[in-house]
Undergrad: 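Would you mind keeping the following structure in view while I ask a few things?
Just so you know, these numbers use all the heavy atoms, side chains as well, and skip hydrogens, waters and symmetry mates. Order of the sequence lines fixes the chain letters, A, B, ..., with proteins taken first and strands second; residue numbering starts at 1 for each chain.
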Amino acid sequence: MEIQKSEVKKKTLPPLPNVDRWGYVKTRFAPNPDFLIHLGNARPALLSFLYAKMYKGKFVLRFEDTDPRIKTPIPEAYQRIRDDLRWLEVSWDEEYIQSLRMELYYSIAKKLIEIGGAYVDLCTPDEFRKYRSARRACPHRNMASEDSLELWDKMLEGYYGEGEAVVRVKTDLEHPDPSVIDWVAFRIIDTDNYPHPLTGSRYVVWPTYNFAAAVDDHFMGITHILRGREHAVNTVKQSFIYSRMGWRYPEVINLGRVNLEGFILSKSRIKELLNRYPHRFLGLDDPRFGTIASLRRRGILSDTIREIINNLGVKSSDATISWDNIAAINRRIADKRAKRIMFVAKPILLVLENLKLPYQIVLPFHPSANLGSRTYTITTPRVYIQREDLEKLGKGDVVRLMGFANVVIKDIDLERGEAKAIVESFDVSEARSVGAQIIQWVAEEHSAKAGLYVAEGLRLRKIRGLVESSIERLSVGEVVQLIRLGFARIDSLHPTPILIFAHV
RNA sequence: GCCGCGGUAGUAUAGCCCGGUCAAGUAUGCGGGCCUUUCGAGCCCGUGACCCGGGUUCAAAUCCCGGCCGCGGCACCA
């Protein structure tokens, strides 16, 4: 008769490698602010944060915005990413923005060129490709470092246009993976035409991901990098800088990708859809997307996402999360704190007879938790129930209006959209004894027109209905349970209440 | 094509490093029952998996080899 671990045992994370050799733990999450983060990004973000916490270390948030041209940062993305992380209860000890650290990258580039670890390459991409596939050095590779340095200064001065000069890191010309061979560390971006949202046209020489990340991970003292396994080669590429500079490369853990069944996660795909059909979506956080903001808007709780990610662990194999699974976890968590309210989809009028007026009803917001209640004083015998429920009933059937009364159907006129019923009794046990269906309803005088958005794959249905007027007392953002329909989040209250369906 | 990573029930995951306690645990799904003023929650019972083939061993989900399948990378993206 003892209560045992009925609470969900927190799956503990496996230990990080070589923690004792570093003496401390510092991790980072490095999103590109070219869009919002999605469920897949939540994995490295949350795991990095959790590991830092587990080892009482530090956690860094770093915005990687060094491509104003192809992955142009969205100005509001910086803040929305911060908001999403905070919502996930992720907090960071330090924050950096790469586009604000350009001088550091330049100084390391200079040093690297000086010591012969990098060079300025004036080849066209085509020319270089030829040398590379022949595993031969391009003519610029063997220039004296002073000469390369001169070209570097010319790059910085804006002498070259896009595509005319790059800085390459000297690697192994024989490397089996051609992309590793003398990879590009800096390229020129015409910021007059492609201004950076933070620095405008101030810089034309931009570090690539591999260069900026390599330098930052070193100077920020990152000990453990958790990132998607699509980055595996980048570890190889960046290692060349580390060995030239005599730095120690952080421990790397490659994570598998996360897919969410039936959802669009890909940033580029979402951006494309928003561009092509801007009016078909409810914004960047449309409930059909797999972004954190979308899931939140749909009523998925922060705890749910954290549990999902925690359950995935640190495997390097990909995972496809099923919606059923998310819904089950969310339901379990939300059930304890979601207020119950009644929403009547496709309503039809039911006129009650034999009801002494006025009649007062007190409905608790939750069957067991103490979440308060609302009181309705019924002064007219007109209520609405779902057409679908009525269609299953016939004359003489007993049905219980939840929390209110047991009624006998007297007359159904689907044409006129009206039915009549006689109030028989009020006690639920009487409804039980005759096996009556218990349905939700709203009083005409205490209802408001409302919309319920239901996302189904790429489709978004809007169901019109009536909701209890006491929804006005609840707040936007609140996750409620619509009785007999399922969980939903209140998306707005004015001019009419709009809810977004989460799951049954 | 070339490099790299991975394959446990419908889905996800534990176990694999350090072979036996694994005739494989957990969650979800599915079937059944109880409970309940919801088609929600809770409780109980049941269901279902080690990619294939060799090898090592007294013993392999775990180690080795080969195959198959899946994924990632091969950018002046991150």
Undergrad: Under a 3.5 Å threshold, yes or no: a donor from one side chain and an acceptor from the other, between A:Glu261 and A:Ser322?
TA: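 Absent: no donor and acceptor within the cut-off.
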Undergrad: Less than 3.5 Å apart, any donor N or O on the side chain of A:His231 or A:Asn254 sitting next to an acceptor on the other?
TA: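 No - no donor-acceptor pair under 3.5 Å links their side chains.
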Undergrad: Rounded to the nearest angstrom, tell me the gap between atom CG in A:Asp172 and atom C1' in B:C3.
TA: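 After rounding, the gap between these two atoms is 14 Å.
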Undergrad: When you compare B:G29 with B:C68, how far apart are their C1' atoms, in angstrom units rounded to a whole number?
TA: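 The same atom, C1', in both gives a distance of 29 Å.
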Undergrad: Using a 3.5 Å limit for the pairing distances, which stems of at least 3 consecutive Watson-Crick or G-U wobble pairs does RNA chain B take part in?
TA: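 If one scans RNA chain B for consecutive Watson-Crick or G-U pairs, the stems found are B:1-7 with B:68-74, B:10-13 with B:25-28, B:29-34 with B:42-47, B:51-55 with B:63-67.
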Undergrad: Give A:Asp389 one of three labels, base, sugar-phosphate or nothing, depending on what nucleic acid heavy atoms sit under 4.0 Å from its own.
TA: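 Since a base atom lies under 4.0 Å of A:Asp389, the category is base.
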Undergrad: Determine whether the side chains of A:Arg227 and A:Thr235 contain a donor N or O and an acceptor N or O closer than 3.5 Å.
TA: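 Their side chains do contain a donor-acceptor pair, which is all the 3.5 Å distance test asks for.
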Undergrad: Can you establish whether the number of heavy atoms outside A:Arg135 located under 6.0 Å from its atom CZ is more than 12?
TA: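 Counting other residues, nucleotides and ligands, CZ of A:Arg135 exceeds 12 neighbours.
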Undergrad: Sticking with atom P, work out how far B:G7 lies from B:C16, rounded to a whole angstrom.
TA: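 Approximately 13 Å lies between the P atom of B:G7 and that of B:C16.
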Undergrad: When the P atoms of B:A27 and B:C64 are considered, how many whole Å apart are they?
TA: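 Those two atoms are separated by 32 Å.
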Undergrad: What is the separation between atom CG on A:Leu39 and atom C1' on B:A12, rounded to the nearest whole Å?
TA: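 Spelled out: CG on A:Leu39 to C1' on B:A12 is 12 Å.
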Undergrad: Tell me whether the side-chain N/O atoms of A:Lys336 come closer than 4.0 Å to OP1 or OP2 in B:G40.
TA: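 No, outside the criterion.
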Undergrad: Report the C-alpha distance between A:Asp126 and A:Thr124 in whole Å, list the side-chain angles of each, state the deciding distance to 0.1 Å, and finish with yes or no for side-chain hydrogen bond (donor to acceptor under 3.5 Å, both in side chains).
TA: CA-CA 5 Å; A:Asp126 244 24; A:Thr124 66; 5.9 Å; no
Undergrad: Any chance you could lay out the ring pair (Phe, Tyr, Trp, His ring centres under 6.0 Å) test for A:Tyr203 and A:Tyr105, step after step, and finish with the verdict?
TA: CA-CA 12 Å; A:Tyr203 302 104; A:Tyr105 307 132; 9.7 Å; no
Undergrad: For A:Glu64 and A:Tyr209, which I'm curious about, is there any donor-acceptor pair between the side chains at under 3.5 Å?
TA: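 Judged by distance alone, the side chains do not pair up.
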Undergrad: In whole angstroms, how far is the C1' atom of B:G10 from the CD1 atom of A:Ile326?
TA: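 After rounding, the gap between these two atoms is 17 Å.
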Undergrad: For A:Tyr78 and A:Asp65, which I'm curious about, is there any donor-acceptor pair between the side chains at under 3.5 Å?
TA: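 Per modelled atom types, A:Tyr78 and A:Asp65 side chains form a pair under 3.5 Å.
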Undergrad: Choosing from B:U38, B:U37, B:G6, which nucleotide comes nearest the side chain of A:Val428?
TA: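 Minimum distance to the A:Val428 side chain belongs to B:U37.
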Undergrad: Using salt bridge (charged side-chain N to carboxylate O under 4.0 Å, His left out) as the criterion, point out the one residue from A:Lys71, A:Lys271, A:Arg80 that pairs with A:Asp34.
TA: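 Output: one option passes, namely A:Lys271.
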Undergrad: With a cut-off of less than 4.0 Å, is there a side-chain N or O of A:Arg331 near OP1 or OP2 of B:G29?
TA: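 Checking A:Arg331 against B:G29: at least one side-chain N or O falls below 4.0 Å of OP1 or OP2.
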Undergrad: Tell me if the side-chain of A:Glu261 makes a donor-acceptor pair with the base of B:U11, cut-off 3.5 Å, by modelled atom types.
TA: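 Such a pair does not exist between side chain and base.
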Undergrad: Rounding to the closest angstrom, what is the interatomic distance between B:G72 and B:C22 at atom C1'?
TA: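 My reading of the C1' atoms in B:G72 and B:C22 gives 32 Å.
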Undergrad: From C-beta outward on A:Arg400, which listed nucleotide comes closest to its side chain: B:G29, B:A14, B:U37?
TA: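 Ranking B:G29, B:A14, B:U37 by closest atom to the A:Arg400 side chain puts B:U37 first.
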Undergrad: Classify A:Ala232 by what it touches in the nucleic acid, base, sugar-phosphate, or nothing, heavy-atom distance under 4.0 Å.
TA: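 Nothing: the residue A:Ala232, judged by heavy atoms under 4.0 Å, touches no strand.
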Undergrad: Name the closest nucleotide to the A:Ile438 side chain, picking from B:A12, B:A14, B:U38.
TA: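 Closest of the options to the side chain of A:Ile438: B:U38.
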Undergrad: Rounding to a whole Å, what distance do you find between A:Arg257:CZ and B:G6:C1'?
TA: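 Distance check: A:Arg257 CZ to B:G6 C1' gives 15 Å.
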Undergrad: Does B:C71 have OP1 or OP2 sitting under 4.0 Å from an N or O in the side chain of A:Arg229?
TA: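 No.
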Undergrad: Using atom C1' of each nucleotide, how far apart are B:U8 and B:U62 to the nearest Å?
TA: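 Between the two C1' atoms, the distance is 11 Å.
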Undergrad: Could you state the CZ-P distance from A:Phe263 to B:U11, rounded to the nearest angstrom?
TA: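 Rounded to the whole Å, the gap is 19 Å.
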Undergrad: A:Glu468 and A:Tyr376: side-chain donor and acceptor closer than 3.5 Å?
TA: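 There is such a pair (donor and acceptor under 3.5 Å, judged by atom type) between the side chains of A:Glu468 and A:Tyr376.
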Undergrad: In whole angstrom, give the distance that lies between atom CH2 of A:Trp323 and atom C1' of B:G10.
TA: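 That distance rounds to 18 Å.
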Undergrad: Shorter than 3.5 Å, N or O on both sides, protein versus nucleotides 75-78 of chain B: list them out with atom names.
TA:
unit_1	atom_1	unit_2	atom_2	d
B:C76	N4	A:Gly163	O	3.2
B:C77	OP2	A:Arg187	NE	2.4
B:C77	OP2	A:Arg187	NH2	2.7
B:C77	O3'	A:Arg187	NH2	3.2
B:C77	O2'	A:Asp67	OD2	3.4
B:C77	O2	A:Lys71	NZ	2.4
B:A78	OP1	A:Thr66	OG1	3.1
B:A78	OP1	A:Arg187	NH2	2.9
B:A78	OP2	A:Tyr209	N	2.6
B:A78	O3'	A:Glu64	O	3.4
B:A78	O3'	A:Glu64	OE1	3.2
B:A78	N6	A:Asn234	ND2	3.2

Undergrad: Please report the distance, rounded to the nearest Å, between CZ in A:Arg43 and P in B:U13.
TA: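 My rounded result for the distance is 7 Å.
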Undergrad: In whole Å, what separates the C1' atom of B:A9 from that of B:G25?
TA: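 It works out to 12 Å between them.
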Undergrad: Please state the C1' separation for the pair B:A60 and B:C44 - nearest whole angstrom.
TA: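 Going atom to atom, C1' in each nucleotide, I get 36 Å.
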Undergrad: Donor-acceptor pair, distance only, cut-off 3.5 Å: does the side chain of A:Arg229 make one with the backbone of A:Ser316?
TA: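 A pair under 3.5 Å: yes.
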Undergrad: Measure from CZ on A:Arg432 to C1' on B:U38 and round the result to the nearest Å.
TA: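 A:Arg432 atom CZ is separated from B:U38 atom C1' by 11 Å.
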Undergrad: In whole angstrom, give me the gap between the P atoms of B:A75 and B:G70.
TA: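 Rounded to whole Å, the distance is 23 Å.
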Undergrad: Pick the nucleotide of RNA chain B nearest each of A:Leu401 and A:Ile308; which residue has the one closer to the 5' end?
TA: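 Its nearest nucleotide lies further toward 5', so the answer is A:Ile308.
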Undergrad: When you compare the side chains of A:Gln98 and A:Arg101, does any donor N or O come within less than 3.5 Å of an acceptor on the partner?
TA: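 Judged by distance alone, the side chains do not pair up.
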Undergrad: Among B:G29, B:G40, B:G6, which is the nearest nucleotide to the side chain of A:Asp324?
TA: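 Among the listed nucleotides, the one closest to the side chain of A:Asp324 is B:G29.
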Undergrad: Pick the nucleotide of RNA chain B nearest each of A:His366 and A:Asn325; which residue has the one closer to the 5' end?
TA: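 Looking at RNA chain B, the more 5' nearest nucleotide goes with A:Asn325.
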